[in-house]
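Presented below is the structure to which this report refers.
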Protein chains: 4
Amino acid sequence: MTASSTFQNLPAEKRRRILDGALDEFAAGGYGGASLNALVAKLGISKGSIFQYFGDKAGLFRAVFNHAVELVVELLRQVRGASQGQDLASRLLQSLAAGLALIQGQPRLFQLYLRIMFEDGAPFRGEMLAAVRAFSRQYMLDLLEDAARAGELRPGLNLEAAVFVLDAVLERFLVAHSQEHLDGGLGLFAAGHELAADKAAVVVETLLAGLGARPC
Amino acid sequence: MTASSTFQNLPAEKRRRILDGALDEFAAGGYGGASLNALVAKLGISKGSIFQYFGDKAGLFRAVFNHAVELVVELLRQVRGASQGQDLASRLLQSLAAGLALIQGQPRLFQLYLRIMFEDGAPFRGEMLAAVRAFSRQYMLDLLEDAARAGELRPGLNLEAAVFVLDAVLERFLVAHSQEHLDGGLGLFAAGHELAADKAAVVVETLLAGLGARPC
Amino acid sequence: MTASSTFQNLPAEKRRRILDGALDEFAAGGYGGASLNALVAKLGISKGSIFQYFGDKAGLFRAVFNHAVELVVELLRQVRGASQGQDLASRLLQSLAAGLALIQGQPRLFQLYLRIMFEDGAPFRGEMLAAVRAFSRQYMLDLLEDAARAGELRPGLNLEAAVFVLDAVLERFLVAHSQEHLDGGLGLFAAGHELAADKAAVVVETLLAGLGARPC
Amino acid sequence: MTASSTFQNLPAEKRRRILDGALDEFAAGGYGGASLNALVAKLGISKGSIFQYFGDKAGLFRAVFNHAVELVVELLRQVRGASQGQDLASRLLQSLAAGLALIQGQPRLFQLYLRIMFEDGAPFRGEMLAAVRAFSRQYMLDLLEDAARAGELRPGLNLEAAVFVLDAVLERFLVAHSQEHLDGGLGLFAAGHELAADKAAVVVETLLAGLGARPC
DNA sequence: GATGAATGAGTGTTCATTCAT
DNA sequence: CATGAATGAACACTCATTCAT
């Protein structure tokens, strides 16, 4: 628990409004770039209150992060069970779809993650990234182990490496779509205009089949 | 060309010192976090000069970026030719090694790239990222096309997707190593202690052979 | 009486806790530097109560001062009678010893006095200092008059001046010892390492015998 | 040297105005109570300038202190030589007179000294007090040693103790007069209305002759 | 062309005080 | 009667930018 009891005693609706506004602010400007002045102006509350609630900027940031994690976990929990029993390609595609939906529904969550990822000054950066990465890796590992049990995986596959590859590629896929407004869409199939789902299918197939010619 | 002629007329050594110091500053704090006050103090030049040379903070930033791109391109040009004619796996591994060497030799270049990548406020972010990404994609495409000519690639491979996958995985590999001081090294083979080269070999092999069982 | 009846109706123990905590706070930071926010956090009581009890910060300060005076008077009352009938030098030394003991036992009392002494913004400063000084002067005057009756004093001695000298020197002696952690102990016999008692003896003897050569 | 070169380059008149205003501010409110906002408003300069000149509040404080010391030393240097060769009582009286004149002419200097003396939070307090005390003690010691050579002192007099007594009494004399507006004049000859010079004469005579009856 | 003094809006943070509950 | 959420002015300090010299 990091926010003061003062904050905990607030009506839920007000709590949500504050954390939501702060999430906006941090997502837009990163930790250093977020302005508490701008935040309280937007929220229509006094500056003193922020400090009463969270002690300092870092405290607010931590609270926002925890809030964001809750949002994500809640969302993913709903997605998780649905694909049980299906083959790996399908599950990966559904995971990507869930990720894309999350980005579209709550763009600031993903934005916050990206902002913090490389901002040296952000407090708790280590913990925060570790938490996200651990979750992501465990998720991939679960999928792969299920697939292994179903005999879907290439014999001799290094699971650690596979998790790494999946993590990297899927995250980059999400990044590319969250930044497609930028010049050239950052290059993912830049020329084409297929739907994201089609792109995802090709990428997943490429990952499963590999790049190299088969010696068999 | 964005820097004023005043700057162009400076002795090359002084130009280099200024751009180098500014690169440090931007790499350390991102665009928003960089302080011109701190910069001029470090450089021992007058504050007015910065504005005479570059107009404003954004102008300095653009000059630094151009300077950084030059450094990288020069470095990679040296690396490029060496692996001509070898097989794809070797060339990918050598590219990774070159990337790691670059990170170790010029850590601020990679740092700047990462900082800017997700900092909304940074001017020219779009152009800058597009330039870097285009270079990176072209590099991968060259490798893949050579490999295709040599019959190393799986028939039916979607080149665009393959480029995307390579770009994502190789960049993530570099990021993981540049941030390995962070909690858990951000999870790359977190348990093991092999050398980076060994990790790279396993990852590349996984990419080439694919994750899935071969139907053949 | 300045504290509200609400405060008077509190259980004695709670009253004492509050005044004691406030004494700490004022002694540590002076009037201006004391923080009511910090105080209530330390005490675990609500902020509103302080204002209910004392009206405002100045009211609390006055109450603390009265409380402090009570503590001192009570302490000195115990010390007073003991030296009756002894010679002046002994009584002065015992007074100094009592002062030193007080400083060691209740350092915050002396600290508060010193802090307030020269802090212009402190309310009631005049009254407070006058009270303390009047007490101190009366104490010295009592000793001197007893000594006069016993024929211990130099004929022609100006009692007012003697009181002034004693007051100044004895207080400075206490200050020096309460600040001996500061650079050079503020210079009291800085080189030597005798015990405080020895230093006191020399000082008292110097006062009694005077600095000048005796014409007699 | 503690103030930045920026400050050193200012016209002397402006430097003087700034240090003088700051001296006022610190003397009135102590270190903690002084407001840089109020200061710059009073001076009619911008807030940024203060920080450009002195780095931070503590830097300004140090500069003010150094400035104050210079003022005092300059003043005392003028006073010093004049009393050479006279007897101890005369020299002490002239010293007191000089002190009183200083307090009247530059009341803020003495005020600053008193404020800082017991304000825990003030930076450099140790150094500052040590400097002042060392000067004061050395001054007294000089007088006493001259008097000793002239055979004016009581044989067996402990010089250290005598210095301590003189320092304490003379300083208190000055304090009493600088605070005589306070309730009861803090008790120095409170009833009477003689001139300060008369009071000083009695006090000095008391010190020289001692309080006790002479056994001779 | 180079300098660096000046600026004022901006930052996060603390404070004594109020008042509805 | 006690509470503690709310407040906004004040705090020290940093910033990119300007412009007279």
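Chain identifiers are assigned alphabetically (A, B, ...) following the order of the sequence lines, protein sequences preceding nucleic acid strands; residue numbering begins at 1 within each chain.
The interatomic distance linking C:K14 (NZ) with F:dA2 (P) rounds to 7 Å, in whole Å. Distance, D:I50 CD1 to F:dT14 P: 14 Å, rounded to whole Å. Note: CG (A:L39) to P (E:dT11) measures 11 Å, nearest angstrom. Note: CD1 (B:I45) to C1' (E:dG4) measures 12 Å, nearest angstrom. Taking atom CG on C:N37 and atom P on E:dA16, their separation rounds to 6 Å, with Å as the unit. Rounded to a whole Å, the CG atom of A:L60 is 14 Å from the P atom of E:dT11. Whole-Å rounding puts the B:K57 NZ to F:dA16 P distance at 4 Å. As a whole-Å value, the separation of B:F51 CZ from E:dA6 P is 18 Å.
When distances run from any side-chain atom of B:Q52 to the nucleotides F:dT7, E:dG1, E:dT13, the shortest one goes to E:dG1.
Base pairing annotation: F:dT21 forms a Watson-Crick or G-U wobble pair with E:dA2, both donor-acceptor distances under 3.5 Å.
Ring pair B:Y31/B:F61 is perpendicular by interplanar angle, where above 60° counts as perpendicular and below 30° as parallel.
Taking 4.0 angstrom as the limit, B:Y53 places none of its side-chain polar atoms (N or O) nearer than this to OP1 or OP2 of E:dG1. Phosphate proximity of E:dA2 to B:S49: absent, as no side-chain N or O sits under 4.0 Å from OP1 or OP2. When the side-chain nitrogen and oxygen atoms of A:K47 are compared with OP1 and OP2 of E:dC15, none of them lie within a distance under 4.0 Å.
Here the straight-line distance linking atom NZ of D:K47 with atom CG of D:L36 works out to 8.0 Å at 0.5 Å rounding. C:F26 CZ to C:Q111 CD: the interatomic distance, rounded to the nearest 0.5 Å, is 14.0 Å. Here OG of A:S35 is found 7.5 Å from NZ of A:K57. Values are rounded to the nearest 0.5 Å.
Using a distance-only test at 3.5 Å, with no hydrogens or angles considered, a donor-acceptor pair links the side chain of A:R115 to the main chain of A:G29.
Each of C:S35 and D:S46 has a nearest nucleotide on DNA chain E; the 5'-most of these lies closest to D:S46. Both C:Y31 and B:T6 lie near DNA chain E, and the one whose nearest nucleotide falls closer to the 5' end is B:T6.
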